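One-based numbering, in listed order, for ligands and for the atoms of each. If you're wondering where the values come from, they're calculated on a predicted model, not measured in any experiment.
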Amino acid sequence: MLDTERLQILTESAKYDVSCSYSGSKRVNTKNGLGNASVGGICHSFTPDGRCISLLKILMSNECIYNCEYCPNRSSADVPRARTTPEEICELVINFYKRNYIEGLFLSSAVFQTPNKTMELLTETVIKLRKVYNFNGYIHLKGIPHADTDLMIKAARYVDRMSYNIELPSESSLKLLAPQKTRDSLITPMKKLYSAQIYDRENKIKKNKVIPAGQTTQMIIGASPESDGQILRLSEALYRKMQLKRVYFSSYIPVVESPILPTKTAGLLREHRLYQADWLIRFYGFDVKEICDENENLSEEFDPKCHWALKNMHLFPVEINTAPLEMLLRVPGIGAKGAYKIIEARRFCKLDFDNLAKMRIVLKRAKHFITCKGKFYGADGYSQIKCCLMLEDKSRNCEQLSLFSTRENAISALSGEL
Ligand code: SF4
């Protein structure tokens with residue numbers, strides 16, 4: 001049975017991986033209270049149908065033969081080490097599942113002994129869970145770079161999702177900060193997984209389909225000098241060429257001392273802007289070239305959609321009753337849901353500002369970029385519009401401190417509407 005000390009080490013060591021989200025809160029139960037939260041162990045993730053589920057997030061081992069400069073588990077780090085067995089993980093998952101603590105597993109590992117040995121044990125764990133324990137819950141498995149493809153595909157047939165973390169966006173940064181990993185050792189397995197998914201789809205394989213919930217990856221932002229433009233180009237290529245479900249961005253946190261790493265975090269604003277840009281690429285029809293030049297970072301001042309609109313004022317205002325969907329999606333303040341609602345509603349009547357308000361379209365920003373039945377209620381000229389947007393952004397940032405204080409904030413946080 002896995003003892004508490006090892007469980008604590010192995011769940012705590014898994015917390016910096018955000019390719020499934022981490023809950024990270026610590027709260028002990030009070031007298032007459034119900035339940036408690038611990039630092040590591042259970043995190044939350046979202047299923048394709050939007051449900052939030054709890055996952056046990058754990059490493060099989062934090063003993064690593066690799067020495068990635070930024071990682072608290074690297075071989076040269078002086079930290080408590082622990083390892084568990086496939087059987088112990090299976091028992092833990094089943095016990096937690098039966099007690100209703102979790103609905104799934106996020107299983108990862110440092111590379112102990114050899115990449116193949118690590119991958120073999122991870123594979124053994126997931127097969128045991130499915131075949132011996134008949135566990136049908138969600139499993140997200142981390143792939144081990146340099147492990148054999150056959151092993152990886154074998155594991156992929158028993159899990160819902162797999163991820164290889166790219167971590168650093170260029171080969172030169174990998175060489176410097178994660179010298180045992182190569183771009184090829186991360187990208188090639190991702191390509192192979194995608195090919196296996198296509199094979200299953202084309203051959204209508206139903207049983208033990210390769211990763212039915214797709215693959216994800218994570219990049220650390222700010223540990224290396226790559227610009228947001230480079231990071232977004234890489235993300236766009238991953239979405240396009242391998243149909244990734246999600247690229248996660250993790251702002252670099254200086255948890256280890258190193259002369260070649262920055263001493264400051266990249267900050268949550270940079271991470272947030274990257275997620276906003278990522279959303280525009282995936283759901284709003286933007287091309288990365290429109291959002292950010294290759295060697296530039298995203299604007300801190302405005303979100304990427306506002307920034308694009310201010311640079312392209314010659315395309316605005318657009319008439320809400322005639323603008324094509326592609327253009328409605330580019331109006332700051334009108335989210336994807338709002339744009340589709342407008343397209344649907346204008347089949348029946350010509351829309352005015354009151355109609356938009358009734359449809360819960362937030363007009364604070366949008367009014368500077370649209371006309372309704374030819375009427376314009378925005379500010380006069382580029383400088384005034386910029387000024388209004390800055391003020392509005394400031395007040396939005398203030399509101400954000402009180403987390404979801406308005407309905408719009410809550411909807412935006414949950415749906416990613418921009
Ligand atoms: S492979 Fe690198 S990132 Fe992964 S656990 Fe080992 S040192 Fe850390």
Side-chain angles (χ1 to χ4, degrees), residues 6-20 22 40-41 43 57-84 89 105-123 125 140-148 151-152 155 161-190 215-224 226 231 247-262 265-266:
R6 277 190 300 147
L7 179 63
Q8 219 156 25
I9 293 171
L10 294 169
T11 52
E12 178 71 17
S13 303
K15 75 178 182 185
Y16 295 106
D17 195 324
V18 297
S19 53
C20 77
Y22 169 66
C43 71
K57 184 173 184 176
I58 190 168
L59 296 189
M60 173 158 263
S61 169
N62 71 340
E63 300 160 4
C64 200
I65 55 169
Y66 290 176
N67 201 34
C68 305
E69 194 72 20
Y70 48 83
C71 177
N73 299 322
R74 70 196 189 283
S75 57
S76 62
D78 182 18
V79 290
R81 304 285 177 173
R83 194 190 297 182
T84 178
I89 292 181
L105 168 69
F106 175 86
L107 180 60
S108 179
S109 184
V111 188
F112 56 93
Q113 293 179 10
T114 64
N116 272 350
K117 180 73 192 164
T118 312
M119 197 67 210
E120 261 168 39
L121 288 173
L122 291 173
T123 308
T125 310
H140 180 158
L141 183 69
K142 207 94 228 164
I144 302 295
H146 296 294
D148 282 354
L151 260 176
M152 171 200 64
R161 172 167 285 182
M162 270 187 90
S163 51
Y164 279 82
N165 281 353
I166 288 188
E167 306 289 25
L168 299 160
S170 75
E171 184 82 61
S172 55
S173 294
L174 271 176
K175 218 176 235 168
L176 182 69
L177 299 176
Q180 287 92 356
K181 292 180 185 167
T182 57
R183 198 180 164 93
D184 207 40
S185 68
L186 301 162
I187 297 284
T188 304
M190 290 163 86
Q215 49 178 332
T216 60
T217 191
Q218 163 183 295
M219 279 190 249
I220 305 173
I221 308 306
S224 51
E226 289 80 12
I231 292 164
V247 176
Y248 289 90
F249 306 109
S250 172
S251 168
Y252 164 71
I253 306 167
V255 282
V256 295
E257 274 186 32
S258 159
I260 51 172
L261 281 172
T265 169

Short check: any N/O/S atom of Cys68 below 2.8 Å from atom 2 (Fe) of ligand 1? yes
Suppose I only count heavy atoms of Tyr66 and a 4.0 Å limit; which atoms of ligand 1 are within that range? 1 (S), 7 (S)
Has Lys181 got any heavy atom lying under 4.0 angstrom from an atom of ligand 1? yes
Sub-4.0 Å atoms of ligand 1 with respect to non-hydrogen atoms of Ala110: 5 (S)
Nearest atoms (heavy-atom pairs only) where Gly143 meets Met162: CA-CE, 3.9 Å
Met190 side chain near Ile166 side chain, heavy-atom distance below 4.5 Å: yes
Flag side-chain contact, heavy atom, 4.5 Å: Leu105 against Ile58: yes
Specify whether an N/O/S atom of Cys64 falls short of 2.8 Å from atom 6 (Fe) of ligand 1. yes
Is there a side-chain contact between Gln215 and Ser163, using heavy atoms and a 4.5 Å cut-off? no
For Cys71, take its heavy atoms, then give the atoms of ligand 1 lying under 4.0 Å from any of them. 3 (S), 5 (S), 7 (S), 8 (Fe)
Only pairs under 3.5 Å count here: list side-chain donor-acceptor contacts from residues 174-183, not counting sequence neighbours, and write none if there are none.
from: Gln180; atom 1: OE1; to: Asn67; atom 2: N; distance (Å): 3.1
from: Thr182; atom 1: OG1; to: Ser185; atom 2: N; distance (Å): 3.0
from: Thr182; atom 1: OG1; to: Ser185; atom 2: OG; distance (Å): 3.3

